[in-house]
Amino acid sequence: MFVYLCIYINRFNNNMKQVRVRFAPSPTGPLHIGGVRTALYNYLFAKKNGGTFILRIEDTDQTRFVEGAEEYIMESLKWCGIIVDEGVREGGKFGPYRQSDKKEIFKQYAEKLIDKGDAYYAFDTPEKLEALRNESERSWKTFNYNSELRENLINSLTLKEDEWRSKLEKGEPYVIRYKMPQNEDIHFEDLIRGEIVVNTSTLDDKVLYKSDGMPTYHLAHIVDDHLMEISHVIRGEEWLPSLPLHILMYRSFGWEAPLFAHLPLLLKPDGKGKLSKRDGDKMGFPVFPLYWPYGETAKGYREEGYFPEAFINMLALLGWNPGTEQEIFTMDELINAFSIERVGKSGSRFDAEKAKWFNHQYLQKKSNSELAKEFREILRAQGFNDDIVRLEILIELVKERVSFVKDIWEQTDFFFKAPESYDQEAVKRRWKEDSGVILSELKSQLELISDFSAATVEPVIKAWIEERGYNTGAVMNAFRLVIVGALRGPHMFDIISWIGKNETLKRIDTGINLLSVEN
RNA sequence: GGUCCAUUCGUCUAGUGGCUAGGACGUCAGGUUUUCAUCCUGGUAACAGGGGUUCGAUUCCCCUAUGGACUACCA
């Protein structure tokens, strides 16, 4: 009974605790879609639970800093519709939100750990450690910087206090390492994977504080998560192996650890391994949300014509599912349906075809006027323009056959310009000896019609075809050939209605002249 | 090599100690259409393997295989 009560109280506490989650990328380049998904799941979880979504920049590695990356990350989240509650731009009560701005604080905490006896100063050079590592590999042994090894190295555990203190005073380079306990089973819980047990003897003395005066990830994120009162850490699976260290550090500091959820990775569409920039280039789809303009440039979903809603919807379903058959979700619906428990355990292979399908679905839901505005830009680039209302009519005609706004041009080019050539295959199949004569007759019929709307023209022409005993297919295909130049496009009467009577008659003349002579 | 994680149609996935193992994308075949596309209908296709536990395992346990991550003074 007592145990149950404890569990109940514990749950009660966890539930009552203000949900605060963070997305914590390091600004080392453009944000990969795997990173966007991590941000998304954090965001969905926060909003679902009435919590706060924090963006923290983890720039403790000065050697990997990339100009423009921080702005890129913020722009990406913004484009995706992921709203940051606290961050570098937004501010907040738990700042600074850029880790390099608080290096002094991290140092204090590292020293605190030394005072507690759970960390120590180490003076061995990287070169020396590298040599040791190579040596043990050569002799078939697993290199492990553990309690055994540290006995033989130069650090504040093996040196006398006055010795290492004088080293510090002389300004000798040092790092601070965590003193990993010997042979202890660490039990911890992952929200997605359940309980995991790891023995500390397989872990090593990780560096917490580097000789350049910056903390490593291990120190910085734990201190920051604690200071920022993070309730749930939702991050990539690559962190799972170091979770025991993190759990141990919370214990050393005497802090309550947040709850953890490790997300499965995004995998390559074909073959093996995790998704990388190369795959996108190779397979022709973007791996980044936005175009990356620096150095080695990279394509972005935005520039490829994806709607952010479709992109987010696609990403949300890659590794998570609602347990229902619903596939199309607005951001609000995602928030409402989201739960960590329904995130899958195994990696997801990215599927570019399905991404397209999502965009198709979203394009169908867009209003014609919205699409017309976007299409107009593309049209201008092609050297054409038209009245916005006419463009809306046009879009209605081809909307359902395209997945991207930029596809509209390929479906409508012949609306704007008469065919310059005729598809040879189609001509062979559909242009008969009497086609020229029939089209001349058709032209005469069309000349009699003043109202050129499809609704008026269609019945008249159909009646004429029937009256003359022509084959509908034969007439209409030849007609299509001279108007479009190929056997494609929407309903014929919609096309001629849109391009108008004059243009229609002109194209018939041109077609008859060119095709009758050649064939 | 060591540690950890994972494994249902080609892909994303649902699912249960007993089901014809469900859906979506793709693919294939029909249908609609004056063309192409869309659309509609239907088909194809999966529980990695081997041991247990059990009356019965895709489901629970173990082993193997495969894949992945980590193994930096990178995050």
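Each chain gets a letter, A, B and so on, in the order the sequences are listed, and its residues count up from 1. All of these numbers come straight from a predicted model, not from anything done at the bench.
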With a 4.0 Å cut-off on N to O distance, would you call A/E104 and A/K107 a salt bridge? no

In Watson-Crick or G-U wobble terms, both distances under 3.5 Å, what is the partner of B/C74? none

Only pairs with both distances under 3.5 Å count, Watson-Crick or wobble alike; so what is the partner of B/U27 in this structure? B/G43

Taking B/C5 as the reference, what is the distance to B/G17 when you measure between their C1' atoms (whole Å, please)? 26 Å

Pairwise C1' distance for B/A57 and B/A69, with rounding to whole Å: 31 Å

Any strand: nucleotide that pairs with B/A65 via Watson-Crick or wobble, under 3.5 Å: B/U7

Are the charged groups of A/R37 and A/E237 less than 4.0 angstrom apart, N to O? no

By the Watson-Crick or G-U definition, both distances under 3.5 Å, B/U32 is matched with none

Taking the C1' atom in each of B/U58 and B/A46, what is the distance between them to the nearest angstrom? 10 Å

RNA chain B: 5'-proximal contact among A/H360 and A/H218 (nearest heavy atom): A/H360

Take atom P in B/U7 and the same atom in B/C12, then report the distance between them in whole Å. 12 Å

Which nucleotide span of RNA chain B, 5' end to 3' end, has atoms closer than 4.0 Å to non-hydrogen atoms of chain A? B/G1 to B/A75

Say you pick atom P in B/U27 and the same atom in B/A65; how far apart are they, in whole Å? 37 Å

On a whole-Å scale, what distance lies between the P atoms belonging to B/G49 and B/U11? 15 Å

Between B/C19 and B/U33, how far apart are the two C1' atoms, rounded to whole Å? 40 Å

Does A/K103 count as lying over the ring of A/F106, i.e. NZ or CZ under 6.0 Å from the six-ring centre, within 45 degrees of the axis? no

P atom, B/G23 versus B/G43: distance in rounded Å? 9 Å

Paired nucleotide for B/G18 [Watson-Crick or G-U wobble; both distances under 3.5 Å]: B/C55

Note: for A/R193 and A/T216 on RNA chain B, the residue whose nearest nucleotide lies more 5' is A/R193

When you check the side-chain N and O atoms of A/R150 and A/Y120, is any donor under 3.5 Å from an acceptor? no

Can a salt bridge be assigned to the pair A/R98 and A/E70 using a cut-off of 4.0 Å between side-chain N and carboxylate O? yes

If the condition is side-chain contact (heavy atoms from CB on, under 4.5 Å), which residues does A/V66 pass it with, not counting sequence neighbours? A/A69, A/W292

Ionic contact status for A/K277 with A/E296, cut-off 4.0 Å: yes

